[in-house]
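Working notes, beginning with the structure itself.
Letters A, B, ... are given to chains in the order of the sequence lines, protein chains preceding strands, and every chain is numbered from 1. Please read these numbers as outputs of a predicted model, since none were measured by experiment.
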Amino acid sequence: MDYRRTYLRDLMQAQPGGHVSAYGWVKTRRDSKGVSFVALNDGSCMADFQVVVDAGTFDGADWDAVTTGACVRFDGELVASPGAGQAVELKATGMELYGGADASTYPLQKKGATMEFLREIAHLRVRGNTFGAVNRVRNRASFAVHKFFQERGFQWINTPVITASDCEGAGAMFAVTTLLEAPEPGQEAKFKLTSQDPADDFFGKPAYLTVSGQLNVETLAMGLTNVYTFGPTFRAENSHSTRHLAEFWMIEPEMAFCDLEGDMNLAEEFVREVIKDVMDHCEEDLAFFNQRIDKELLTTLNHVVNSPFERMTYTEAVAALEKSGQTWQFPVAWGSDLQSEHERWLTEVHVGRPVILTDYPKEIKAFYMRANEDGKTVRAMDVLVPRIGELIGGSQREERFDVLEQRIKEAGLDPEPYWWYMDLRKYGSAPHSGFGLGFERLIMYLTGMQNIRDVIPFHRAPGQAAF
RNA sequence: UGCCGCAUAGCUCAGCAGGUAGAGCAGCUGACUGUUAAUCAGCGGGUCGUAGGUUCGAGUCCUACUGCGGCAGCCA
């Protein structure tokens with residue numbers, strides 16, 4: 001057996017004629033008196049491949065074991081199909097059973113199951129329509145991300161997963177340590193530190209899993225010009241929501257010689273181009289999502305591809321919210337952060353498509369965002385999209401040494417650990433901008449899937465790290 | 001972490017005057033000359049999340065716990 005193989009996707013598009021082999025997992029089997037039909041799927045595409053078995057061709061235990069979930073290879077002639085659902089089918093003359101799947105206990109059925117149940121069998125759910133499609137879209141979107149940046153001269157760089165600089169600031173972090181005492185064999189694992197002093201730890205100081213490549217990626221942009229990261233990110237927030245994960249994949253472009261305007265242009269172009277690419281290459285999967293998951297999906301995606309994002313300042317947004325006539329659960333006031341209900345109204349009702357909000361009050365944004373001349377706002381931007389909320393958060397960075405130092409102090413932080421970050425402003429500083437985009441949120445947007453836990457193969461969330 | 005909701009067969013659910021359980025699908029058996037989540041007939045399948053409490057009697061009411069889900073916060 002060799003990795004080179006004809007995928008079922010290719011067999012389905014091939015011309016009739018010739019002896020072929022079809023490898024896959026059985027989706028369904030239908031028997032009638034003279035003939036049996038086996039629907040095979042290998043994950044290469046949405047549609048199942050039809051294998052036709054004339055009565056009497058096979059018998060015995062292996063043939064009996066060809067039930068939903070079994071893994072099997074059929075050999076035979078590729079013929080034109082008289083049936084309605086497919087152009088060609090395999091008229092089987094040989095078969096090999098690789099692994100049966102006891103039909104009385106195999107949990108994946110041909111009929112629909114809830115997302116909650118499928119989450120409990122995450123090791124098997126990829127064999128179903130929905131999660132096969134999710135992963136194909138995820139794969140194509142990953143490729144489209146790299147394609148988009150590479151075609152524009154951005155260099156893919158990798159920022160550390162472990163960070164010991166304790167200066168990331170935002171978000172609860174997972175500690176990384178070797179100070180835990182190994183449990184005695186056979187004993188229940190209890191955490192016990194071999195030392196209380198971080199100086200004794202592996203890195204000689206506290207270390208954590210990264211919550212953002214932000215600070216590191218800026219250093220690479222100050223030398224490589226246009227760069228991006230695409231890697232795992234970790235947040236130890238105890239969040240129970242449909243759009244948060246403890247482990248997720250984030251895309252962070254960073255551009256030298258670029259202001260907030262250019263940052264917004266990139267964000268908009270990025271979202272549009274990735275959507276276009278996936279629409280071009282995952283038509284069948286998107287049609288499935290449109291039919292089964294979100295009836296408005298294709299309408300929404302087409303709309304996004306064909307119309308510019310609305311842009312407004314935070315101040316304009318607050319004014320719109322105040323004039324909306326809506327009654328808000330949380331009051332709207334200039335200076336306080338926008339609540340979910342506000343963001344949703346802006347993007348879903350007020351604008352009806354993605355909207356980019358800019359120039360937020362400096363008090364509610366990170367210290368590294370560039371201060372505006374008004375002394376009150378910073379050059380931040382959030383891209384809000386219907387149903388998901390915040391898809392992208394970015395900013396023009398503060399490139400002026402003195403202003404940045406002042407902002408760090410205002411934030412109540414000690415500038416000292418940021419010495420290398422400050423050095424960027426000391427030696428060859430340049431205007432620069434970038435943003436962070438949650439890859440899983442993009443996949444939610446692309447597929448219509450409602451829970452972020454269902455757009456990653458094995459989700460990590462509070463209390464949930466099975467598989 | 002706060003608020004709300006749910007927990008009955010492998011899955012999806014019904015059972016809502018408190019009187020010790022029911023359907024569809026899946027599974028099994030059989031029928032059917034080509035199906036497309038096939039169809040038709042029959043069969044088996046549940047200590048009703050756990051622990052207490054009220055009651056003659058609890059799937060049903062009360063309490064706690066556990067698990068899951070949704071919303072909010074945190075953000076991407």
Check: Which value, in whole Å, describes the distance between the C1' atoms of nucleotides B:C25 and B:G45?
Finding: 14 Å
Checklist line | Separation of the C1' atoms in B:A37 and B:U55, to the nearest angstrom | finding: 47 Å
Checklist line | Name of the residue among A:Y228, A:F248, A:F230 meeting ring pair (Phe, Tyr, Trp, His ring centres under 6.0 Å) with A:F439 | finding: A:F230
Notebook entry, point to check: Just checking A:Q50: base, sugar-phosphate only, or nothing, at a heavy-atom cut-off of under 4.0 Å?
Noted result: base
Next item on the list: Take atom OH of A:Y106 and atom P of B:G27, then tell me their distance rounded to the nearest Å.
Entry: 12 Å
Item checked: Polar pair under 3.5 Å, donor/acceptor by atom type, side chain A:E89, base B:G34 -> yes
Next item on the list: Could you tell me whether the phosphate oxygens of B:G69, OP1 or OP2, come under 4.0 Å of any side-chain nitrogen or oxygen in A:Q464?
Entry: yes
Next item on the list: Starting at atom CE of A:M369, determine the distance to atom P of B:C75, rounded to an integer number of angstrom.
Entry: 10 Å
Next item on the list: Would you indicate what A:L442 reaches in the nucleic acid, counting non-hydrogen atoms under 4.0 angstrom: base, sugar-phosphate, or nothing?
Entry: nothing
Item checked: Below 4.0 Å: OP1/OP2 of B:U36 and any side-chain N or O of A:T28 -> no
Margin query: If you go through the side-chain atoms of A:R243, does one of them form a donor-acceptor pair with the base of B:C71 closer than 3.5 Å?
Written below: no
Check: Which is it for A:R311 and A:E268 under the salt bridge (charged side-chain N to carboxylate O under 4.0 Å, His left out) test, yes or no, and what are the steps along the way?
Finding: CA-CA 11 Å; A:R311 297 182 187 192; A:E268 187 169 339; 3.0 Å; yes
Check: A:T242 has a side chain; which of B:G70, B:A76, B:G69 sits nearest to it?
Finding: B:G70
Margin query: Under 4.0 Å, heavy atoms only, any strand: does A:S104 hit a base, just the sugar-phosphate, or nothing?
Written below: sugar-phosphate
Check: Within this structure, what is the CD-to-P distance between A:E343 and B:A72, rounded to whole angstrom?
Finding: 10 Å
Check: Taking atom P of B:C75 as reference, at what distance in whole Å does atom CE of A:M250 sit?
Finding: 13 Å
Margin query: Nearest whole Å is fine: how far is B:U35 C1' from A:K91 NZ?
Written below: 14 Å
Next item on the list: Indicate, with a heavy-atom threshold strictly under 4.0 Å, whether A:F117 touches base, sugar-phosphate, or nothing.
Entry: sugar-phosphate
Checklist line | Same-atom distance (P) from B:C56 to B:U50, integer angstrom | finding: 25 Å
Notebook entry, point to check: Going by ring centres under 5.5 Å and near-parallel planes (under 30°), is A:F37 stacked on B:G34?
Noted result: no
Notebook entry, point to check: Rounded to whole angstrom units, what separation is found between the CG atom of A:N129 and the P atom of B:U36?
Noted result: 16 Å
Check: Which whole number of Å gives the distance between the P atom of B:A26 and that of B:U66?
Finding: 38 Å
Item checked: Residue met sooner reading RNA chain B from 5', once A:D337 and A:Q109 are mapped to nucleotides -> A:Q109
Next item on the list: Quick one: look up who B:C40 pairs with, Watson-Crick or G-U, both distances under 3.5 Å, and put none if it's unpaired.
Entry: B:G30
Check: Heavy atoms under 4.0 Å, any strand shown: does A:S36 hit a base, just sugar-phosphate, or nothing?
Finding: nothing
Item checked: Separation between the P atoms of B:C4 and B:C65, rounded to whole Å -> 14 Å
Next item on the list: Identify whether any heavy atom of A:P107 sits under 4.0 Å from a base atom; if not, whether one sits that close to sugar-phosphate; answer base, sugar-phosphate or nothing.
Entry: nothing
Next item on the list: Please lay out, stage by stage, how A:D277 and A:K147 fare under the test salt bridge (charged side-chain N to carboxylate O under 4.0 Å, His left out).
Entry: CA-CA 10 Å; A:D277 185 275; A:K147 184 161 164 274; 3.3 Å; yes
Next item on the list: Provide, to the nearest angstrom, the distance between the CG atom belonging to A:D102 and the C1' atom belonging to B:G27.
Entry: 9 Å
Check: Honestly, is A:R125 close enough over A:F131, meaning NZ or CZ under 6.0 Å from the six-membered ring centre and within 45° of the axis?
Finding: yes
Next item on the list: May I have the distance from A:D31 (atom CG) to B:C28 (atom P), rounded to whole angstrom?
Entry: 11 Å
Note to self: Strictly below 4.0 Å: does A:S239 bring a side-chain N or O up to OP1 or OP2 of B:C74?
What the structure shows: no
Checklist line | Any A:N238 side-chain nitrogen or oxygen under 4.0 Å from OP1 or OP2 of B:G2 | finding: no
Margin query: I'd like to know if A:R9 and A:D42 make a salt bridge, using a cut-off of under 4.0 Å between side-chain N and carboxylate O.
Written below: no
Notebook entry, point to check: If each of A:K33 and A:T67 is mapped to the nucleotide of RNA chain B with the nearest heavy atom, which maps nearer the 5' terminus, i.e. the 5' end?
Noted result: A:T67
Item checked: Minimum-distance nucleotide to A:A84 side chain [options: B:U36, B:G34, B:A72] -> B:U36
Check: So which nucleotide does B:G5 pair with, by the Watson-Crick or G-U wobble rule with both distances under 3.5 Å?
Finding: B:C68
Check: Looking only at side chains, do A:R73 and A:Y98 share a donor and an acceptor under 3.5 Å apart?
Finding: yes
Item checked: G-U wobble or Watson-Crick pairing nucleotide for B:C61 (cut-off 3.5 Å, both distances) -> B:G53
Next item on the list: Determine the Euclidean distance between corresponding C1' atoms of B:U8 and B:G46; express it in Å to zero decimal places.
Entry: 8 Å
Check: In whole Å, what separates the P atom of B:A9 from that of B:A23?
Finding: 14 Å
Next item on the list: Have a look at A:R453 and say if it touches a base, only the backbone sugar-phosphate, or nothing, with a 4.0 Å heavy-atom cut-off.
Entry: sugar-phosphate
Notebook entry, point to check: What is the nucleic acid contact for A:T233, judged by heavy atoms within less than 4.0 Å: base, sugar-phosphate only, or nothing?
Noted result: nothing
Checklist line | A:M222 versus A:A256, closest heavy-atom pair with distance | finding: CE-CB, 3.7 Å
Margin query: Using the side-chain heavy atoms of A:A103, tell me which of these nucleotides is nearest: B:G27, B:G34, B:A76.
Written below: B:G27
Margin query: For a quick check of understanding: with a heavy-atom distance under 4.0 Å over all strands, which category does A:G436 fall into, base, sugar-phosphate or nothing?
Written below: sugar-phosphate
Next item on the list: Quick one: look up who B:A14 pairs with, Watson-Crick or G-U, both distances under 3.5 Å, and put none if it's unpaired.
Entry: none
Check: Distance only, no hydrogens: is a donor on one side chain within 3.5 Å (strictly under) of an acceptor on the other, for A:D75 and A:S21?
Finding: yes
Check: At under 4.0 Å, does any side-chain N or O of A:R30 touch on OP1 or OP2 of B:C32?
Finding: no
Next item on the list: Tell me what A:L391 touches on the nucleic acid: a base, only sugar-phosphate, or nothing, going by heavy atoms under 4.0 Å.
Entry: sugar-phosphate
Next item on the list: Taking atom P in both B:A72 and B:G19, compute the distance separating them and give it to the nearest angstrom.
Entry: 39 Å
Margin query: Over all strands shown, is A:E341 touching base, sugar-phosphate only, or nothing at heavy-atom distances under 4.0 angstrom?
Written below: nothing
Next item on the list: With salt bridge (charged side-chain N to carboxylate O under 4.0 Å, His left out) as the test, would you mind laying out the steps for A:E269 and A:R272 before giving the verdict?
Entry: CA-CA 5 Å; A:E269 200 179 334; A:R272 186 171 294 132; over 6 Å; no
Note to self: Taking the minimum atom-to-atom distance to the side chain of A:Q86, which one of B:A72, B:U36, B:G34 wins?
What the structure shows: B:U36
